[in-house]
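We use all heavy atoms of the structure for the numbers below, so side chains are in, but hydrogens, waters and symmetry mates are not. Below, chains carry the letters A, B, ... as their sequence lines are ordered, and counting in each starts from 1.
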There are 2 protein chains.
Amino acid sequence: MKDVASAAGVALKTVSRVVNGEPGVHPETAERVRAAIDLLGYSRNESARVLRSGRTATIGLVIEDVADPFYAGLSRAVEDVVIEHGCLLLSGSSGEEPTRERELVETFCARRVDGIIVVPAGDDHTYLRAELEAGTAVVFADRPPGAGIDVDTVIVDNAGGAARAVRHLREHGHRRIAFLGDDPAIFTAAERLRGYREALGELYDPALVSMRSPSPAGVRDDLDRLFALDDPPTALFTGNGRYTMTTLRALRGRRVPLVGFDDFELADLMEPGVTVVAQDPARMGKVAAELLFHRLRGEGGPAERVELPVNLIVRGSGELPTPR
Amino acid sequence: MKDVASAAGVALKTVSRVVNGEPGVHPETAERVRAAIDLLGYSRNESARVLRSGRTATIGLVIEDVADPFYAGLSRAVEDVVIEHGCLLLSGSSGEEPTRERELVETFCARRVDGIIVVPAGDDHTYLRAELEAGTAVVFADRPPGAGIDVDTVIVDNAGGAARAVRHLREHGHRRIAFLGDDPAIFTAAERLRGYREALGELYDPALVSMRSPSPAGVRDDLDRLFALDDPPTALFTGNGRYTMTTLRALRGRRVPLVGFDDFELADLMEPGVTVVAQDPARMGKVAAELLFHRLRGEGGPAERVELPVNLIVRGSGELPTPR
DNA sequence: ATGAAAGCGCTAACAG
DNA sequence: CTGTTAGCGCTTTCAT
């Protein structure tokens, strides 16, 4: 900047004004400065700008895993909003490990990001308190923060969606509906279990519930156990996209009535098409990012909790006749 | 840092040493400093560190679209290597727009990232020359840089993979094999066309080639045209994952012999399973990131060009009997 | 409309 | 093993 200034025959501050598009520079002077910038191939050192101004124009995003289509969709939507606001996105995958979640958040904070969007892996977020007081904007997505932390949160209607799936199967005559889902320590899994249970009412039978991380072998074992029951399930409700795919694989073509939570690519091309309760990851990302920038603009108010709707997509698997 | 220093009764530099784990601090002094850090809730200002040291400990990644499973897998692998090296990842999607690619790269450079991994959208990368001279490490992935720019590049054996697919179909008796692929302006598409053509030799017929972006309607039209030919194709070779899925959808269950480039989730559960030439996006990301850190360590030498192998996975669709 | 001076928080270089 | 000094490149504040 100093070099540009002397090349253009102005003071350093004038160059700063031109670079930042600040008013109060004579058009001709500005032109001269721009010429010098081009000539020298100058580009502003953002680190210095950040150090002085305090604004990094950077947003941090912590998710479970970018390689998961759900979070990939969410990431892309967040990224688009972030770029639109002239900021850049630092992102990291926690891999469902609370320690890693915390490390990522703290590293982002050390870099003084303006705001953070977190899909939490753990359930203790008291470590965020200092950052929140320091003015870092935080939005939780997909899952709410742990007790004692009150920040904007965007989730979907997990219980309602699960209930919708169960009602759909009941309307097709099923009374024995199994639920295969993630560990209920994960918020979304617990909520979906709640919706499943409420929609079943007195038909609820804990023997039909199996919750754990969806390994192929584990799901196979669970299905074997379920179908070996005296009163086996006539339909399945799977608790997330990965679970649905693993279950379909374990079923090896057996035509069992099934509704899955989460839509996924090619669900329509399966035979039969897979009926799902779909959520919209891109929508969730967009809403979370916009909420964040809303806060950044200082438009305060108490922490908001947005609940996004889900959507039943009927494709065939949920409407199969009861087996045997 | 100043506050921590006076709280611990030491000089600022000593705090700096402790924070950076530099040797030459008495364990007891270090302990006192750490206590002061905890007490005050101090965390180093990274922007200041960057301004002074010049190292941002940040890597930039430009891809087409995180929401595409191929790039999502690549991103995750890059991220893992980056974190392992104590760095953070700034990422952005170009959406196949050369302008956006360039903007992202330039923005990353303005932030003085230590290195950049680029999946290029355009084919003119002369704008990188200044950055390269300034010492920014750059690695291209999936596609090579345009003319005149010589940097490390990681690609897969596109032509070889396409040839492998064609040979597989020829071994199953096909002589009329259509190719549905992306616009040949995209490097990978052009290479796959080349491999297809070479493997067909005198059987090559331009009437069986259709290259454009894979819109559902476009693919439907192309298939209609191909199957209406006097001498229609008996098998299809699709040029990438998205194309394969779109084609399967357009086929509406018709059992046409098909081999696709790129593996995809649920390819094994289709009826029949989809035979593919698989590449490994995570491997590509890992190799690209490691190449980048190799450069960053100053272990020079001329620009490398790594070509990753592909892998034919036989699942049924490529071995179907010739229709009719 | 332009400029001079101060200083953001840290690390590099050099003393002691 | 510890401390002092300078200054990274910019924005802020205040002056002209």
- Hey, what bend do you get for the helix from C/dA1-D/dT16 to C/dG16-D/dC1 if you fit axes on five pairs at each end, rounded to 10°? 30°
- Item | Partner residues of B/D152 under the salt bridge (Lys or Arg N to Asp or Glu O under 4.0 Å) criterion, sequence neighbours left out | B/R295
Donor-acceptor list for residues 128-135 of chain B side chains, cut-off 3.5 Å, not counting sequence neighbours:
unit_1, atom_1, unit_2, atom_2, d
B/R129, NH2, B/G148, O, 2.7

- Task: Sequence neighbours left out, what passes side-chain hydrogen bond (donor to acceptor under 3.5 Å, both in side chains) with A/E103? Give chain and number order.
- Result: none
- Task: Indicate, with a heavy-atom threshold strictly under 4.0 Å, whether A/V10 touches base, sugar-phosphate, or nothing.
- Result: sugar-phosphate
Acceptor/donor pairs from residues 21-43 of chain A side chains to any protein atom, 3.5 angstrom cut, sequence neighbours excluded:
unit_1, atom_1, unit_2, atom_2, d
A/R32, NH1, A/A8, O, 2.7

- Considering residues at least two apart in sequence or located in another chain, which fulfil the side chain to side chain contact (heavy atoms under 4.5 Å, CB included) criterion with A/S93? A/I63, A/D65, A/V66, B/R76, B/E79
- Task: Return yes if a side-chain donor-acceptor contact under 3.5 Å exists between B/N20 and B/R44, otherwise no.
- Result: yes
- Message: For nucleotides 6-16 of chain D, give me one character per nucleotide, 5' to 3': B if any protein heavy atom sits under 4.0 Å from the base, S if the only such contacts are to the sugar-phosphate, - if neither.
- Response: BBBBBBB----
- Considering residues at least two apart in sequence or located in another chain, which fulfil the side-chain hydrogen bond (donor to acceptor under 3.5 Å, both in side chains) criterion with A/D150? none
- Note: chain A reaches DNA chain C at heavy-atom distances under 4.0 Å over the stretch, first to last nt, 5' to 3', of C/dA1 to C/dG9
- Mind checking side-chain hydrogen bond (donor to acceptor under 3.5 Å, both in side chains) for B/T188 and listing every partner two or more places apart, or none if nothing turns up? none
- Message: Going by ring pair (Phe, Tyr, Trp, His ring centres under 6.0 Å), name the residues that satisfy it together with B/F140, two or more places apart in sequence or in a different chain.
- Response: B/H125
- Message: Please enumerate all residues that pass ring pair (Phe, Tyr, Trp, His ring centres under 6.0 Å) together with B/F187, with sequence neighbours excluded.
- Response: none
